[in-house]
Amino acid sequence: MTPPISDIFSSLLKAHGSRGWWPLRELRRQDPQSGGYHPGDFSLPVSAAQRFEIGVGAILTQNTTWKQVEVCLDGLERAGLLAPEPLLLAPVQVIEKAIRPGGYFRQKARKLCEYSRFFRQWDPEPPPRPELLSVWGIGEETADSILLYAYKQPFFVVDAYTRRLLERLFGEADPRYASLQEKLTKSFLHLEPVRRAQVFNEFHAQVVHQSKTFCRSRPLCRGCPLESVCASAGRLV
DNA sequence: AGCCAGGCTACCG
DNA sequence: CGGTAGCATGGC
């Protein structure tokens with residue numbers, strides 16, 4: 001029988017250790033080994049610049065890899081564009097050039113401008129989710145990434161990794177975002193919001209790591225920490 | 001050399 | 001509503 005979601009979280013945490021999301025470039029500069037991650041430290045982000053960087057990263061990473069996002073963040077910084085005001089003043093072609101390696105660079109340049117305006121309006125106040133969703137270019141996953149990782153609000157991020165992992169673990173299910181999010185969060189509602197946000201932060205980071213190591217697009221089930229509870233165990237590679 | 005990568009909007013039936 | 005074409009680059 002399927003174990004409670006919280007048991008899956010415990011198994012992942014035990015197997016992989018604390019992951020330390022969201023990656024921040026300042027930390028990566030201080031210690032390149034860290035990759036910008038900060039395991040066990042839920043105090044971050046601590047500044048408007050860091051919150052903005054997380055939002056920009058959340059937009060840039062839409063349907064691309066984090067490695068490409070880092071190139072784009074470097075490009076923006078070199079152009080002096082890693083802040084709301086400069087982004088709003090810059091010619092769109094300059095922004096596009098800086099973020100080209102991330103793909104969809106025309107759409108994303110516009111999204112960064114739309115988000116800059118929104119950020120200036122709300123930060124440091126955590127924006128209401130519907131307000132965030134009304135910004136052009138920000139859908140449910142990007143909104144929840146910003147709310148959880150930039151503003152420490154307890155929203156679980158459902159991304160492609162999460163969908164794939166849940167589908168493998170539980171088989172076919174309701175694929176709608178809200179449904180998956182509810183499945184993942186309902187057993188944590190007794191926690192205080194601050195603590196719940198920390199759990200969602202770590203849990204989502206665990207899902208991503210699990211999905212990059214074992215539960216990949218092409219699965220590698222040997223040694224998987226979830227083998228004993230996975231509906232697909234034995235049917236995949 | 002085609003598939004995939006931490007989605008979203010617009011538009012279709 | 002639910003489903004999907006288009007957006008674009010780079011790595012494997």
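The chains referred to below are lettered A, B, ... by the order of the sequence lines, with proteins before strands, and numbering in each begins at 1.
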Between [M] and [N] - [atom1] atom distance, rounded Å:
| N | M | atom1 | value |
| --- | --- | --- | --- |
| C:dT4 | B:dC4 | P | 16 Å |
| B:dA10 | C:dA8 | P | 14 Å |
| B:dC3 | C:dA5 | P | 14 Å |

Going by number, which of [range] have a non-hydrogen atom under 4.0 Å from DNA chain B?
| range | answer |
| --- | --- |
| residues 35-52 of chain A | A:Y37 |
| residues 18-34 of chain A | A:W21, A:W22 |
| residues 56-74 of chain A | A:T61, A:Q62, A:N63, A:T64, A:T65, A:W66 |

Report task. Could you name each residue pair satisfying ring-ring contact (aromatic ring centres under 6.0 Å, His included) that touches residues 56-111 of chain A, not counting sequence neighbours? Result -> A:W22-A:W66
Query - Pairs involving residues 204-236 of chain A, ordered by first then second residue, that meet ring-ring contact (aromatic ring centres under 6.0 Å, His included) (sequence neighbours left out) - result: A:H16-A:H209, A:W21-A:H204, A:Y149-A:H204
Query raised in the report: With a 4.0 Å cut-off, would you call A:E167 and A:R163 a salt bridge?
Result: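 No salt bridge links A:E167 with A:R163.
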Query raised in the report: Can A:E77 and A:R29 be counted as an ion pair, charged N to O under 4.0 angstrom?
Result: yes
**Report entry** A:S217 side-chain N/O to B:dC3 phosphate OP1/OP2 under 4.0 Å
**Finding:**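 Indeed not, no polar side-chain atom of A:S217 lies that close.
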Query raised in the report: Within the structure, does a side-chain N or O atom of A:R100 lie under 4.0 Å from either OP1 or OP2 of C:dA8?
Result: no
Determine the contact category for [X]: base if any of its heavy atoms lies under 4.0 Å from a base atom, sugar-phosphate if only primed atoms, P, OP1 or OP2 are that close, otherwise nothing.
| X | value |
| --- | --- |
| A:R164 | sugar-phosphate |
| A:Q107 | base |
| A:G102 | nothing |

Would you tabulate the nitrogen or oxygen pairs shorter than 3.5 Å linking the protein to nucleotides 10-13 of chain B?
none

For nucleotides 2-4 of chain C, tabulate all protein N/O to nucleotide N/O atom pairs closer than 3.5 Å, reporting atom names and distance.
unit_1	atom_1	unit_2	atom_2	d
C:dG2	OP1	A:R176	NH1	3.1

Report task. Evaluate side chain to side chain donor-acceptor pair (under 3.5 Å) for A:Q206 paired with A:E202, printing each intermediate quantity in order. Result -> CA-CA 6 Å; A:Q206 292 295 331; A:E202 184 65 51; 2.8 Å; yes
Report task. Applying salt bridge (charged side-chain N to carboxylate O under 4.0 Å, His left out), name anything that partners A:D159, two or more places apart in sequence or on another chain. Result -> none
Report all side-chain donor-acceptor pairs from residues 78-98 of chain A shorter than 3.5 Å, counting only partners two or more places apart or in another chain.
unit_1	atom_1	unit_2	atom_2	d
A:E85	OE1	A:R120	NH1	3.2

Report summary line: Each base of DNA chain B marked ( ) or [ ] if paired in-strand (Watson-Crick or G-U under 3.5 Å), | if paired to another strand and . if unpaired gives .||||.|||||||
Cut-off 3.5 Å, no hydrogens considered: what does the side-chain donor-acceptor table look like for residues 125-133 of chain A, sequence neighbours left out?
unit_1	atom_1	unit_2	atom_2	d
A:R129	NE	A:D144	OD1	2.8
A:R129	NH2	A:D144	OD2	3.0

Query - Whole-Å gap separating C1' (B:dG7) and CD (A:E114) - result: 16 Å
Report task. Could you note down all residue pairs passing side chain to side chain donor-acceptor pair (under 3.5 Å) where residues 45-54 of chain A supplies at least one of them, sequence neighbours left out? Result -> A:E26-A:Q50, A:R51-A:D123
